[in-house]
Amino acid sequence: MNLQEASALIESIRGNLAKVIVGKEDGVNLLLTALLANGHVLLEDVPGTGKTLLAKTLARSLDCAFKRIQFTPDLLPSDLSGINYYNQKSGEFQFRPGPVFASILLADEINRATPRTQSSLLECMEERQITIDGVTHELQRPFLVIATQNPIDSQGTFPLPEAQLDRFLMRITTGYPTFDEGVHILQRFRQNNPLEDTGAVAGAQEIQEMQRLAAGINVSDELLAYMISVVEATRKSSAVRLGASPRAGFALLRASQGYALIQGRNYVLPDDIKAVAVPVLAHRLILQRGPGVREGQSAEVVLQVLREVEVPAEAAVLSRGGRVE
């Protein structure tokens, strides 16, 4: 698959999403970026803003196995992974796979499950495999976890630990629609749900080819140094107790490559890095405790870092990045 073919396929997926989703262009771009970067997404927003609908529409647009599981406090790890059960007819144990054996897993309200159940996803998200009763099972490719959570409601929830948050390539917040978008939503859903008429426009093999193409997007040495400078600057901020890790730097690289691809380019620009920096880095920061800490401050820290870190000159970026037409 070449750049032109990938761009056409990305536009087809974006067009499919636009049939159902009104507005949210930035959120859609970031979700597609995570898909191409082979990373997982945490959709964090208040109820009723279309988190689940966005995930389901993407799943409908891809000809891949899709599973949805509602996370609750009584959910067990085996409810995700599957179990070995005794088949009386055959007289032997058989494996019944759980919902993680799908290409796209929608983990709805992930913070309502206990830490034990949440941690059962760690091996799946990081290694693309799961070990059950000593036997390791490979998961389908591509494998994308889209988790949703409500940042406001804290009753009956279990905040995701830092190790779990670090496995998500991005945390995306789309927010409320504008007035015009709200009217358009009512018009679109007035008679029926357009999701029911949405069909697949890309298959698993095509997604994997685009992921390999994204991993090969050109990045200059100057931009690699710029990424590390941004990551290191988060560790020096007075508002941060624990800054971004080396894994965060790798995530920033992969996300910027994926974002460049959905823009139709085979080289990364500083604007690509800036576009993904907040969703990639903000949820990985642990802020200093104190009365001045407030919701959304981690995003402000990343934005401040982007303002302070010097951006490489465009000439150096293009000459070393390998602009290829």
Side-chain angles (χ1 to χ4, degrees), residues 26-27 30 33-34 37 39-46 51 71 107 109-123 125-126 145 147-175 223-256 259 270 272-311:
D26 291 341
L30 292 174
T33 295
H40 309 291
V41 174
L42 179 63
L43 293 177
E44 185 178 88
D45 223 322
V46 296
K51 301 186 297 295
F71 277 58
E109 296 187 285
I110 189 173
N111 57 333
R112 291 199 173 276
T114 61
R116 181 187 177 194
T117 302
Q118 293 175 6
S119 63
S120 66
L121 280 175
L122 285 176
E123 182 184 8
M125 296 172 69
E126 185 69 20
V145 174
T148 69
Q149 72 173 6
N150 173 11
I152 305 301
D153 186 12
S154 59
Q155 188 172 6
T157 62
F158 303 86
L160 295 177
E162 284 71 22
Q164 183 83 13
L165 283 172
D166 202 33
R167 273 18 180 231
F168 287 100
L169 179 74
M170 292 185 182
R171 180 178 64 184
I172 301 175
T173 300
T174 56
L223 283 185
L224 293 178
Y226 175 63
M227 293 179 196
I228 296 303
S229 296
V230 169
V231 169
E232 288 188 343
T234 65
R235 304 169 191 165
K236 301 173 183 177
S237 172
S238 59
V240 176
R241 180 160 58 94
L242 188 63
S245 66
R247 181 187 281 129
F250 183 75
L252 191 59
L253 168 63
R254 285 288 176 255
S256 62
Y259 194 84
D272 300 324
I273 301 171
K274 293 180 179 180
V276 301
V278 171
V280 168
L281 299 178
H283 66 285
R284 292 178 159 92
L285 306 183
I286 301 178
L287 301 180
Q288 298 284 3
R289 295 188 180 94
V293 177
R294 61 190 183 280
E295 189 71 27
Q297 188 172 352
S298 57
E300 296 175 9
V301 170
V302 177
L303 291 174
Q304 182 63 31
V305 165
L306 292 176
R307 288 191 290 266
E308 294 176 352
V309 176
E310 184 179 358
V311 180

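None of the values given here were measured: they were computed from a predicted structure.
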How close do [X] and [Y] get, heavy atom to heavy atom, and via which atoms?
X      : Y      : value
Val309 : Ser229 : CG1-CB, 3.8 Å
Val276 : Ser256 : CG2-N, 4.0 Å
Leu30  : Met170 : O-SD, 3.6 Å
Ala277 : Leu252 : CA-CD1, 3.9 Å
Ser245 : Asp166 : OG-OD2, 3.8 Å
Pro246 : Arg235 : N-NH2, 3.9 Å

Can you measure from [atom1] ([X]) to [atom2] ([Y]) and round to the nearest 0.5 angstrom?
X      : Y      : atom1 : atom2 : answer
Ser120 : Gln164 : OG    : CD    : 8.0 Å
Lys51  : Gln149 : NZ    : CD    : 9.5 Å
Asn111 : Thr148 : CG    : OG1   : 8.0 Å
Leu169 : Arg171 : CG    : CZ    : 13.0 Å
Leu121 : Ile110 : CG    : CD1   : 5.5 Å
Thr174 : Glu44  : OG1   : CD    : 11.0 Å

Minimum side-chain heavy-atom gap [X]-[Y] below 4.5 Å:
X      : Y      : value
Phe168 : Leu160 : yes
Leu281 : Val305 : no
Lys236 : Glu308 : no
Val302 : Leu285 : yes

Quick one: does any side-chain atom of [X] pair with a main-chain N or O of [Y] as donor and acceptor, under 3.5 Å?
X      : Y      : value
Gln118 : Ala113 : yes
Lys274 : Leu306 : no
Thr234 : Val231 : yes

Exercise. Can you tell me if CZ on Arg241 sees more than 12 non-hydrogen neighbours from other groups inside 6.0 Å?
Worked result: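 Yes, CZ of Arg241 has more than 12 neighbouring heavy atoms, counting only those of other groups under 6.0 Å.
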
